[in-house]
Amino acid sequence: MKIGYPCINQTLDCSSSRTFRLASYSEQRLIETVSQNLACLQRILEYNVANGLLFFRLTSDLVPFASHEINQYNWQQHFKPQFRELGNYIKQHQLRISMHPDQFVVLNSPNPQTVKNSIAELAYQGSVLDLMELDTTAKLQIHGGGAYGDKGSAIARFAEVYHTQLPDAVKARLCVENDDRTYSLLDCLRLHELTGMPIIFDNLHHECVNNGEPMREAVEIAASTWHPERDGILMMDYSAQAPAERRGKHVQSISESLFHDFLVETEGLDMDIMLEIKDKEASALKAVAVASELGRL
DNA sequence: CGCGGTCAAGTGGCT
DNA sequence: AGCCACTTGACCGCG
């Protein structure tokens with residue numbers, strides 16, 4: 001089991017998500033920003049290794065406007081050595097890596113332009129992992145998308161786009177995650193059956209939307225969609241509801257007792273856990289301690 | 001130099 | 001009808 005956190009490290013004094021406004025775009029600015037982002041990413045990875053945080057989600061902002069038409073620069077070629085070096089570090093320390101394209105990536109949108117933009121964004125994020133020369137256990141994580149009043153058709157449209165429009169390099173890494181209002185675990189299972197994509201399980205989303213599966217059973221269902229050789233072990237997002245806040249809002253800081261209970265409930269199941277908690281590595285470090293005490297690491 | 005409005009992109013639920 | 005939340009605030013103009 002590897003434990004980690006997404007995108008941002010609050011201890012270090014650098015960010016790998018630096019970007020700029022579209023109006024400020026220039027090739028020079030792009031090169032400078034990417035250069036700084038990659039340098040910071042290396043520092044974050046070193047921090048993670050030093051602290052036993054072996055699962056990390058790369059920010060979508062690593063390369064600003066990477067899938068936007070304004071960006072015609074061959075950044076892949078320019079930064080190839082840096083990406084490879086990062087990849088070497090990742091492989092050397094056996095870090096698990098994911099990326100999570102944001103909410104604008106919707107493969108089943110009725111708007112063809114949205115689908116086109118989505119595919120371009122997936123191609124960009126996949127190419128980051130490819131440039132790092134990571135194997136297909138490094139994943140891209142998206143949601144089912146919209147339902148548009150007819151989820152059955154939306155699911156069929158997703159599968160159609162998957163089979164007819166997605167590059168193989170994206171398909172090799174793409175996973176679907178249950179969301180907190182539209183695509184339940186069972187809906188994701190349907191998408192899995194139609195495409196072969198593994199399911200990334202989110203416990204908080206499952207609490208929001210489910211078909212009555214107890215937590216352990218839900219984890220087992222998601223885990224069964226992963227081919228160990230091709231995909232590695234199950235990835236999951238772990239969070240807890242922020243008290244007295246909107247349903248689905250993430251807590252500020254981990255509850256060690258809730259996390260302890262979750263690990264006890266899933267005893268014997270192997271998985272890598274991404275902590276979607278506002279205070280980032282602070283909670284991830286507490287989670288590592290809890291998991292370590294339970295002998296799960 | 002700090003504050004606050006705004007930023008490439010979508011969707012659905014809540015107020 | 002508009003706002004908010006989402007994997008994550010960061011940028012930039014203005015005072």
Side-chain angles (χ1 to χ4, degrees), chain A residues 4-10 12-26 29-30 32-33 36-37 40-41 44 55-71 97-125 139-151 154 157-158 161 175-184 187 200-205 208-209 235-239 241-242 245-252 273-284:
Chain A
Y5 61 99
C7 306
I8 292 170
N9 181 296
Q10 299 179 329
L12 300 173
D13 60 356
C14 72
S15 163
S16 62
S17 334
R18 294 199 54 199
T19 183
F20 47 85
R21 301 286 170 86
L22 181 56
S24 313
Y25 184 90
S26 76
R29 179 111 188 225
L30 177 77
E32 283 170 8
T33 303
Q36 291 170 13
N37 284 345
C40 181
L41 178 57
I44 293 175
F55 188 15
F56 190 65
R57 179 183 299 161
L58 308 187
T59 172
S60 304
D61 287 333
L62 217 47
V63 181
F65 301 101
S67 68
H68 192 283
E69 63 179 12
I70 199 174
N71 184 346
I97 297 294
S98 67
M99 295 184 79
H100 194 335
D102 57 32
Q103 63 269 31
F104 309 108
V105 171
V106 183
L107 286 181
N108 58 12
S109 173
N111 179 350
Q113 190 59 48
T114 301
V115 175
K116 198 176 163 211
N117 294 346
S118 298
I119 293 170
E121 180 68 15
L122 287 170
Y124 146 58
Q125 301 207 14
K139 292 301 189 188
L140 300 175
Q141 160 180 7
I142 65 171
H143 293 293
Y148 312 97
D150 179 358
K151 206 191 291 179
R157 205 159 55 240
F158 188 114
V161 169
C175 302
V176 64
E177 175 201 350
N178 58 309
D179 67 64
D180 62 353
R181 44 176 180 244
T182 310
Y183 285 83
S184 68
D187 295 325
I200 291 182
F201 180 69
D202 185 306
N203 73 303
L204 179 57
H205 294 168
C208 296
V209 178
M235 283 181 179
M236 73 162 285
D237 290 346
Y238 176 89
S239 192
Q241 172 69 43
E245 290 275 4
R246 261 179 78 112
R247 193 182 65 148
K249 191 172 161 79
H250 295 154
V251 279
Q252 178 62 33
I273 302 182
M274 177 68 58
L275 290 167
E276 291 188 338
I277 312 264
K278 296 288 181 199
D279 70 0
K280 303 290 177 186
E281 73 274 12
S283 284

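Chain naming here is simple, since letters A, B, ... match the order of the sequence lines and numbering starts at 1 in each.
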Need one value for [X]: base, sugar-phosphate or nothing, where a base atom within 4.0 Å counts as base even if backbone is also close, heavy atoms only.
{"X": "Ser118(A)", "result": "nothing"}
{"X": "Glu276(A)", "result": "sugar-phosphate"}
{"X": "Ser98(A)", "result": "nothing"}
{"X": "Tyr148(A)", "result": "sugar-phosphate"}

Rounding to an integer number of Å, can you tell me how far [X] [atom1] sits from [N] [atom2]?
{"X": "Arg157(A)", "N": "dG10(B)", "atom1": "CZ", "atom2": "P", "result": "15 Å"}
{"X": "His100(A)", "N": "dC6(C)", "atom1": "NE2", "atom2": "P", "result": "11 Å"}
{"X": "Leu62(A)", "N": "dA10(C)", "atom1": "CG", "atom2": "P", "result": "14 Å"}
{"X": "Asp13(A)", "N": "dA10(C)", "atom1": "CG", "atom2": "C1'", "result": "16 Å"}
{"X": "Tyr25(A)", "N": "dC11(C)", "atom1": "OH", "atom2": "P", "result": "16 Å"}
{"X": "Asn111(A)", "N": "dA8(B)", "atom1": "CG", "atom2": "C1'", "result": "14 Å"}
{"X": "Asp180(A)", "N": "dC14(B)", "atom1": "CG", "atom2": "C1'", "result": "13 Å"}
{"X": "Leu41(A)", "N": "dT8(C)", "atom1": "CG", "atom2": "P", "result": "18 Å"}

About how many Å separate CG of Leu62(A) and OG of Ser17(A), when rounded to the nearest 0.5 Å? 8.0 Å
Distance check, rounded to the nearest 0.5 Å: Ser98(A) atom OG versus Met274(A) atom CE?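 Nearest 0.5 Å value for the OG-CE distance: 4.0 Å.
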Can you tell me if [X] touches the phosphate of [N], counting only side-chain N or O atoms and a distance under 4.0 Å to OP1 or OP2?
{"X": "Arg29(A)", "N": "dC12(C)", "result": "yes"}
{"X": "Ser17(A)", "N": "dG9(C)", "result": "no"}
{"X": "Thr114(A)", "N": "dG10(B)", "result": "yes"}
{"X": "Lys151(A)", "N": "dT11(B)", "result": "no"}
{"X": "Lys280(A)", "N": "dT8(C)", "result": "no"}

Any donor-acceptor pair, under 3.5 Å, between the side chain of Arg21(A) and the base of dC11(C), if you only look at N and O atoms?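 Looking at the base of dC11(C), it does pair with a donor or acceptor on the side chain of Arg21(A) (distance under 3.5 Å).
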Checking only heavy atoms, does the side chain of Arg57(A) share a donor-acceptor pair with the base of dT8(C) at less than 3.5 Å?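 A donor-acceptor contact between them is absent.
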Could you check Phe20(A) against Pro6(A) and say which one's nearest nucleotide on DNA chain C is further toward the 5' end?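 This one resolves to Pro6(A).
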Counting only side-chain heavy atoms from C-beta out, which of dA10(C), dG12(B), dA8(B) sits nearest to Glu121(A)? dA8(B)
Mind checking disulfide bond (SG atoms under 2.5 Å apart) for Cys40(A) and listing every partner two or more places apart, or none if nothing turns up?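 Partners of Cys40(A) by the disulfide bond (SG atoms under 2.5 Å apart) criterion, ordered by chain and then number, come out as Cys14(A).
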Exactly one of Glu177(A), Glu276(A), Arg181(A) should register a side chain to side chain donor-acceptor pair (under 3.5 Å) with His205(A). Which one does?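 Of the listed options, the one satisfying the test is Glu177(A).
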